[in-house]
Amino acid sequence: MPAKAVPHNPPSPQRQAKVEAAAQRARLVQQASTSRRVLSRASLPRRLIRPPPPATVDDPMYMYFMDVITRDLGAPALQSLAQTFIAGPSSPCDLPSSLPVQIDGEFPATHALAMFSPAHERINVFPVHETILRVHCNSLPPFPAVNDIPEDHVPVIYLSLPHPESYVPMSRYLYTHRQDVLFSALCPGVQAFECTPFLSSTPQVRLNRDLVVSAAKILLATRPVLASMQYIYGLWHNMVALGIHDDGMWDVVLLAYSLYAVALSLSH
């Protein structure tokens, strides 16, 4: 007598969503853990190298567009983020497609950036503006659509970075183009950049040998040199992973790392 076929009951939408969320979290954990292992095992190079930028970076229209965003949108949008509250996932296992948001600013955030931190086994959530990230980062995953979500929610984009610890100063620069602020975060006590936003017309900062040695001595006396180089190296990895090709940001990161490299040589 032939066996009766067992009817197949497809999983409910809620269960399917949980399965997909668990799979996505597993991918995020794997990517973040792999990146951190590679970063922790890597020996510090003597100098950092900037990857070749795409041709679009030197396009006059692109540079004009970046200058307009920096002058007219960046700082007010960053201020709006300071007035934005997004309730993060209730647990690292919970990866919703949207999150509730409280916004009190002129330029409301368009998305929530959820970043897995393998060091703390948690998801950190940051409000972001798609336009700011899109114009700076050439290697971002697709942004989720804003359709079909509750009115008081924003869609979530999940991201794994090699060095989550340096995301905040990196993000602040993308909004303001303030080289002096980023450089101060990397090299406290040393001044090298003007207190104005970096634009396409801003000249590149070059320090002569005496200024380099003087700055390196300050860092050697006041900063943990190897730990600071490791931090900047992590930021460099983030920039490469995201495809950031902003000249002003690269000038800051390469100069900061080179100063610590000189400080390290002076310590020997």
Side-chain angles (χ1 to χ4, degrees), residues 50 53-86 98-115 124-147 149 151-159 161 164 166-186 193-205 235 238-253:
R50 176 181 178 177
T56 54
V57 173
D58 295 325
D59 182 83
M61 287 302 297
Y62 173 81
M63 291 190 290
Y64 173 77
F65 183 57
M66 290 287 288
D67 288 350
V68 170
I69 288 180
T70 301
R71 287 194 301 259
D72 301 338
L73 177 63
L78 182 63
Q79 181 62 34
S80 293
L81 295 189
Q83 300 170 317
T84 301
F85 174 75
I86 297 180
S98 68
L99 287 169
V101 59
Q102 296 178 12
I103 299 176
D104 182 19
E106 184 180 0
F107 297 96
T110 61
H111 292 75
L113 178 63
M115 190 181 310
N124 293 318
V125 180
F126 304 93
V128 296
H129 294 87
E130 180 177 4
T131 299
I132 296 294
L133 293 184
R134 280 288 175 211
V135 299
H136 288 95
C137 307
N138 289 271
S139 303
L140 281 174
F143 273 65
V146 297
N147 304 327
I149 63 171
E151 184 177 351
D152 59 343
H153 283 54
V154 290
V156 182
I157 177 171
Y158 291 94
L159 188 65
L161 284 180
S166 58
Y167 170 78
V168 171
M170 179 183 72
S171 172
R172 187 181 298 118
Y173 175 87
L174 297 183
Y175 277 84
T176 65
H177 279 210
R178 288 287 299 271
Q179 292 177 291
D180 59 310
V181 174
L182 178 59
F183 187 75
S184 178
L186 303 178
F193 296 91
E194 296 292 334
C195 302
T196 55
F198 175 86
L199 301 173
S200 59
S201 58
T202 303
Q204 185 179 27
V205 169
L235 174 57
N238 285 349
M239 294 169 65
V240 172
L242 292 174
I244 296 176
H245 294 285
D246 180 82
D247 290 340
M249 190 173 189
W250 276 105
D251 288 349
V252 171
V253 171

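Worth knowing before you read on, the calculation uses all heavy atoms, side chains too, and leaves out hydrogens, waters and symmetry mates.
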Give a yes or no on this: more than 12 heavy atoms of other residues, nucleotides or ligands lie within 6.0 Å of atom CD of Gln83. yes
Output yes when a side-chain donor or acceptor of Ser184 lies under 3.5 Å from a complementary backbone atom of Val181, and no otherwise. no
Residues that Phe65 engages under side chain to side chain contact (heavy atoms under 4.5 Å, CB included), provided they are two or more places apart: Ile69, Val135
So, His177 side chain and Phe198 main chain: donor-acceptor pair closer than 3.5 Å or not? yes
Using the rule given for side-chain contact (heavy atoms from CB on, under 4.5 Å), can you reason through Leu133 versus His111, listing the C-alpha separation, both sets of side-chain angles and the distance that settles it, and then say yes or no? CA-CA 11 Å; Leu133 293 184; His111 292 75; over 6 Å; no
Drop me the distance from Ser171's OG to Leu113's CG, to the nearest 0.5 angstrom. 8.0 Å
If I compare all heavy atoms of His245 with all of Pro54, which pair ends up nearest, and what's the gap? CD2-CD, 3.3 Å
Say whether, by atom type as modelled, one donor and one acceptor occur between the side chain of Gln179 and the main chain of Val252 under 3.5 angstrom. no
Straight-line distance of Tyr64 OH to Asp59 CG, nearest 0.5 Å: 13.5 Å
Does the side chain of Asp246 come under 3.5 Å of the side chain of Tyr173 through a donor N or O and an acceptor N or O? yes
Give me the atom names and distance for the closest heavy-atom approach of Ser166 to Leu235. OG-CA, 3.5 Å
Once you round to the nearest 0.5 Å, how far does CD1 of Ile149 lie from CG of Leu99? 9.5 Å
In plain terms, say whether Asp251 and Arg50 are close enough for a salt bridge, that is, a side-chain N and a carboxylate O under 4.0 Å apart. no
Please confirm whether the backbone N or O of Pro108 pairs with a side-chain atom of His129, one donor and one acceptor, at under 3.5 Å? yes
When every non-hydrogen atom of Leu78 is compared with those of Arg172, the smallest separation belongs to CD2-CG, 3.9 Å
Taking side chain as C-beta onward, heavy atoms only, is Leu182 less than 4.5 Å from Phe193? no
From Trp250 atom CH2 to Met239 atom CE, the distance as rounded to the nearest 0.5 Å: 4.5 Å
Give a yes or no answer on whether the side chain of Tyr167 reaches the backbone of Asn238 with a donor-acceptor pair at less than 3.5 Å. no
If we only count heavy atoms from C-beta on, is the Thr202 to Thr196 side-chain gap below 4.5 Å? no
Report yes or no: does Thr110 contribute a side-chain atom to a donor-acceptor pair with the main-chain N or O of Glu130 at less than 3.5 Å? yes
Smallest separation among heavy atoms of Pro127 and Ala109, with atom names: CB-CB, 3.8 Å
Considering all heavy atoms, the nearest Pro197-Thr176 contact: CB-O, 3.5 Å
Looking at NE2 of His136 and OH of Tyr175, how far apart are the two atoms once the value is rounded to the nearest 0.5 Å? 10.0 Å
Any side-chain heavy atom of Cys137 sitting closer than 4.5 Å to one from Ile244? yes
Which atom names give the shortest non-hydrogen contact between Val156 and Ala114, and what distance separates them? CG1-CB, 3.7 Å
The ring-ring contact (aromatic ring centres under 6.0 Å, His included) partners of Phe107 (sequence neighbours excluded) come to none
Can you find a pair of side-chain heavy atoms, one from Met170 and one from Met249, that are under 4.5 Å apart? yes
